[in-house]
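Below is one structure, written out as structure tokens; comments come after it.
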Amino acid sequence: MAGSSVFSPNLKWSYDVFLSFRGEDTRSNFTSHLDMALRQKGVNVFIDDKLSRGEQISESLFRSIEGALISIVIFSENYASSSWCLDELVKIIECKKSKGQIVWPIFYKVNPSDIRKQTGSFGEALATHQVKFKTKIQIWREALTTAANSSGWDLGTRKEADLIQDLVKEVLSILNLICTPLYVAKYPVGIDYQLETLRLHSHYWTEPSISVYMVGIYGIGGIGKTTFAKALYNKIANQFEACCFISKVRETSKQFNGLVQLQENLLHEILKEDLKVGNLDRGINIIKHRLCSQKVLIALDDVDKLEQLEALVGGRDWFGPGSIIIVTTRNNHLLSIHEFDQKYGIQGMNHDDALELFSWHAFKKSHPPSAYVDLSKRATSYCKGHPLALVVLGSFLCTRDDEAEWRSILDEFENSLSKDISDILRISFDGLEEKVKEIFLDISCFLVEEKVEYVKNILNACHFNADFGIIVLIDLSLVTIEYNTMQMHDLVRHMAHKIVNGESFEPGKRSRLWLVQDVLKVFADNSGTDAIRAIKLELPNPTKLENLILRNCKFLQKIPSLPPLIERMDATGCESLTRCHNFVDMLSSKQVIKGIHRHFIIMNGEIPEKFYRTISNPMKVSFRHYPNMERTLTTYVMFKVDKMEKLPDQGHAVISFNKCYGDQDKFSFNREFPSSTSEYMWLISITSNISTSSVANGWNHVIVWFDVLKCFAATVTIKNCGIHLTDEIHGIQNDDIRGPGVIYTDFDRLKELVSDE
């Protein structure tokens with residue numbers, strides 16, 4: 001890269017691949033097979049397969065060469081005997097030098113040295129051309145030498161099919177990198193100016209070095225950091241061996257094992273492999289080891305903690321020479337701590353760009369009509385160059401096509417509000433119809449990043465007109481659809497959550513907290529649809545939700561992280577439920593178990609991966625004791641309910657369980673079960689201040705057993721049980737728990753248990 005600009009021009013091309021070949025040698029075999037293989041993969045190929053040609057290459061063919069991203073030159077025995085082929089080659093080399101065209105030579109049953117030095121059949125052909133094309137000979141020689149020195153493929157003793165397969169794979173790799181740029185913005189106003197400003201702020205962009213370069217982009221929320229980072233990424237991506245853009249780092253890192261997920265995403269995008277790193281430290285070592293020799297482009301969007309940088313782009317020695325790391329953040333201080341080479345602050349848009357962006361959204365053109373010029377300038381002045389505010393306000397006013405209405409709205413805004421970004425967003429919300437407001441709030445709380453069809457199914461199940469509502473929200477720029485998923489800017493989402501938190505929960509008033517119940521009622525009556533396969537809980541005010549009742553949701557497959565104050569979740573009748581994302585961790589945390597014992601009933605679920613399992617009842621296990629530390633035990637029992645009998649005026653059996661720790665604490669649990677044969681899992685947790693007996697070398701032991709105390713109208717059989725041990729400091733230690741019959745199990749498969757008798 002030394003001596004050249006990182007900012008190469010964005011060139012358009014008419015063809016993905018131009019094939020240059022000698023017809024009599026390869027038209028009916030290798031070239032036709034390569035052409036077909038590329039086209040079957042959707043590659044746009046130019047091939048001049050005319051059987052007869054004149055001596056002069058046509059201007060249209062020159063334009064086809066110029067319009068190609070990649071030129072593949074198939075050197076064969078008689079290639080140089082055609083002056084047409086040699087003229088094609090000269091043009092191809094010119095495009096390589098002037099446009100950065102990718103040129104791959106294929107040595108088809110020829111010696112690359114003969115082409116490089118013009119010996120053998122290539123030397124003979126040039127000698128034949130000497131008399132007629134004396135002025136071209138030297139140009140042809142230089143082109144042949146340049147092409148032969150380029151990186152390419154030699155057929156040698158390989159099978160033609162294998163070589164074609166490799167070529168197609170390489171072409172697709174280039175196209176996937178270059179031809180599928182990130183979506184930047186519907187109206188990318190001012191982006192080129194920002195890119196040029198970035199370039200001028202550092203000599204690296206015009207005189208790049210071989211070192212790893214780290215550039216940080218900072219600014220307030222909604223100011224356009226992500227948009228700018230995507231544009232920069234697209235501008236330079238084709239110069240790297242591999243690239244990845246990791247979105248929403250802040251949000252993802254908050255999830256269970258979030259940083260590990262981000263490490264795996266990064267490795268997958270760069271290496272095209274599905275690697276499971278297991279834990280954070282191992283992930284760091286894998287990134288350093290696998291990427292240290294690769295020239296990569298990595299962008300991390302919305303970073304807010306130093307640990308995220310340390311986990312993903314911890315050091316320059318992690319990546320190969322010439323690599324570039326792009327990071328966006330609201331925290332400029334993070335960039336200084338991590339010693340970024342360049343820090344670029346995104347400022348508000350200038351007056352002209354602000355007016356243009358506003359106009360695109362308000363009038364669908366680059367400038368306002370004459371009657372609206374003053375009103376448009378007034379509206380944009382409120383936004384203070386903030387792109388998100390300009391987009392939302394412009395989209396909102398677009399639906400008001402009366403000049404007087406515009407003036408009334410702006411007057412009200414000016415008189416009653418402080419004119420900051422949250423007020424502008426709130427104006428757009430307040431202007432919605434009531435039903436569309438409900439749709440907007442439901443999407444913001446539950447359905448962001450879900451597939452569009454899934455979102456529509458849920459909203460329609462709640463008796464909304466999902467298609468209409470979503471179209472309105474898109475038109476108002478409150479939601480977007482990217483890669484067939486529902487998206488929303490985090491500032492818009494924050495505004496929605498503030499609205500939800502301010503809702504009155506009077507009887508009869510519908511709220512986000514009731515959406516789950518509303519949706520699941522629809523599917524509890526065997527409505528025949530299988531749209532509900534997962535539920536997403538992201539409640540702005542989780543203290544309002546103490547019980548989550550999911551009875552008879554037959555198609556519900558998974559439940560995500562649950563709010564920390566849920567007292568009970570009932571998933572009886574959820575025949576497909578196999579995942580409850582964090583209930584083991586939730587049961588084990590001090591915050592959750594304080595003053596309450598957690599009960600979970602899961603039908604036909606799998607044993608969580610963190611549990612040691614045994615069919616022994618009682619369970620006799622020992623666990624390692626650490627001074628001054630409470631340890632949490634979570635136990636489960638799997639039991640089968642059958643031989644159900646219908647009781648008078650009641651269609652359920654009532655079962656009472658007794659679970660004992662040591663010789664003391666006893667807990668009874670009563671639960672109604674549906675009138676069908678099924679298996680259930682009951683979980684409960686308690687801290688380690690239970691009755692235990694000390695044994696040697698710092699180990700405690702405990703006995704846990706389950707008894708069926710009462711059972712009406714059913715037969716209950718205990719199938720197996722298990723125990724899980726956790727703490728906040730040491731985490732899960734494979735050698736922290738031991739005992740007869742204890743088995744450590746995987747999450748994905750319910751293994752057959754063997755009695756310890």
Side-chain angles (χ1 to χ4, degrees), residues 1-11 96-102 177-178 181-182 184-185 188-220 223-246 270 288 291-303 306 309-310 312-350 353 385:
M1 280 173 55
S4 63
S5 173
V6 176
F7 280 79
S8 59
N10 287 337
L11 301 175
K96 173 182 171 70
K97 294 176 180 178
S98 65
K99 297 177 176 289
Q101 187 177 93
I102 301 167
L177 182 63
I178 298 177
L182 300 173
V184 175
V189 177
I191 296 297
D192 289 339
Y193 172 78
Q194 293 271 22
L195 289 170
E196 180 63 14
T197 304
L198 174 75
R199 185 183 71 84
L200 294 175
H201 272 67
S202 173
H203 63 82
Y204 177 86
W205 302 106
T206 53
E207 298 178 3
S209 66
I210 61 171
S211 62
V212 174
Y213 191 71
M214 305 184 81
V215 56
I217 301 165
Y218 65 92
I220 62 174
I223 200 65
K225 300 182 298 296
T226 301
T227 299
F228 179 70
K230 288 179 178 180
L232 175 59
Y233 179 94
N234 289 344
K235 187 81 170 177
I236 64 178
N238 63 349
Q239 302 176 47
F240 299 87
E241 297 174 31
C243 308
C244 74
F245 191 102
I246 305 296
I270 296 292
K288 292 170 63 175
L291 305 188
C292 63
S293 61
Q294 287 202 49
K295 179 184 174 183
V296 297
L297 171 63
I298 296 174
L300 306 178
D301 184 43
D302 195 16
V303 170
L306 185 63
L309 296 176
E310 292 173 341
L312 299 168
V313 292
R316 287 171 172 77
D317 60 337
W318 291 23
F319 311 104
S323 295
I324 292 181
I325 310 300
I326 302 170
V327 167
T328 73
T329 181
R330 299 181 187 181
N331 187 350
N332 182 20
H333 185 56
L334 278 181
L335 306 177
S336 300
I337 295 175
H338 206 63
E339 298 181 343
F340 274 66
D341 300 292
Q342 182 179 2
K343 297 186 295 179
Y344 183 75
I346 302 291
Q347 305 300 319
M349 304 181 81
N350 62 43
D353 286 343

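Model, not experiment: these values are computed from the prediction.
Nearest heavy atom pair, residue Leu291 against residue Ile270, reads CD2-CG2, 3.4 Å. The minimum heavy-atom distance between Arg316 and Glu339, with the atom names listed, is NH2-O, 2.9 Å.
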Donor-acceptor contacts, no H, no angles, side chain residues 224-231, under 3.5 Å, sequence neighbours left out:
residue	atom	partner	partner atom	Å
Lys225	NZ	Gly219	O	3.1
Lys225	NZ	Ile220	O	2.9
Thr226	OG1	Asp301	OD1	2.8
Thr226	OG1	Asp301	OD2	3.0
Lys230	NZ	Tyr183	O	3.4

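Interatomic distance, Tyr344 OH to Ile217 CD1, rounded to the nearest 0.5 Å: 9.0 Å. For the atom pair SG (Cys243) and CD1 (Ile298), the distance works out to 9.0 Å, reported to the nearest 0.5 Å. For the atom pair CD1 of Ile324 and NZ of Lys295, the computed distance is 8.0 Å after rounding to the nearest 0.5 Å. Atoms OG1 and CD1, on Thr328 and Ile346 in that order, are 9.5 Å from each other to the nearest 0.5 Å.
Side-chain atoms of Val215 and Ile325, non-hydrogen and from C-beta on, never get closer than 4.5 Å to each other. A heavy-atom distance below 4.5 Å is not found between the side chains of Tyr193 and Leu198. Using a 4.5 Å cut-off on side-chain heavy atoms (C-beta onward), Val189 and Met349 make contact. Residues Gln294 and Ser323 form no side-chain contact, since every pair of their non-hydrogen atoms from C-beta on lies 4.5 Å or further apart. The closest side-chain heavy-atom distance from Tyr204 to Asp341 is not below 4.5 Å. Side-chain contact between Val313 and Phe319 is present, with at least one heavy-atom pair separated by less than 4.5 Å.
For Glu310, the CD atom counts as densely surrounded, since its 6.0 Å shell holds more than 12 non-hydrogen atoms of other residues, nucleotides or ligands.
Counting only distance, with no hydrogens or angles, the side chain of Asn234 and the backbone of Leu182 share a donor-acceptor pair below 3.5 Å. When atom types are taken as modelled, the side chain of Lys288 and the backbone of Gly315 share no donor-acceptor pair closer than 3.5 angstrom. For the pair His201 (side chain) and Thr197 (backbone), a donor-acceptor distance under 3.5 Å is present.
Classification of Lys235 and Asp192 as a salt-bridged pair fails, no side-chain N sitting under 4.0 Å from a carboxylate O.
For Lys96, the side chain to side chain donor-acceptor pair (under 3.5 Å) test picks out no residue, with sequence neighbours left out. In terms of the side-chain contact (heavy atoms from CB on, under 4.5 Å) criterion, residue partners of Ser211 (sequence neighbours excluded) are, by chain and number, Ser209. By the salt bridge (charged side-chain N to carboxylate O under 4.0 Å, His left out) test, Asp353 pairs with no residue at all, sequence neighbours left out. Partners of Gln342 according to the side chain to side chain donor-acceptor pair (under 3.5 Å) rule, which considers only residues two or more places apart in sequence or in another chain, are Trp205, Tyr213. In this structure Ile337 satisfies the side-chain contact (heavy atoms from CB on, under 4.5 Å) test together with Leu306, His333, sequence neighbours excluded.
When Ile246, Ile326, Thr329 are each tested for a side chain to side chain contact (heavy atoms under 4.5 Å, CB included) with Leu300, only one passes: Ile246. For the pairing with Tyr218, the side chain to side chain contact (heavy atoms under 4.5 Å, CB included) check across Val303, Leu335, Ile223 returns one residue only, Leu335.
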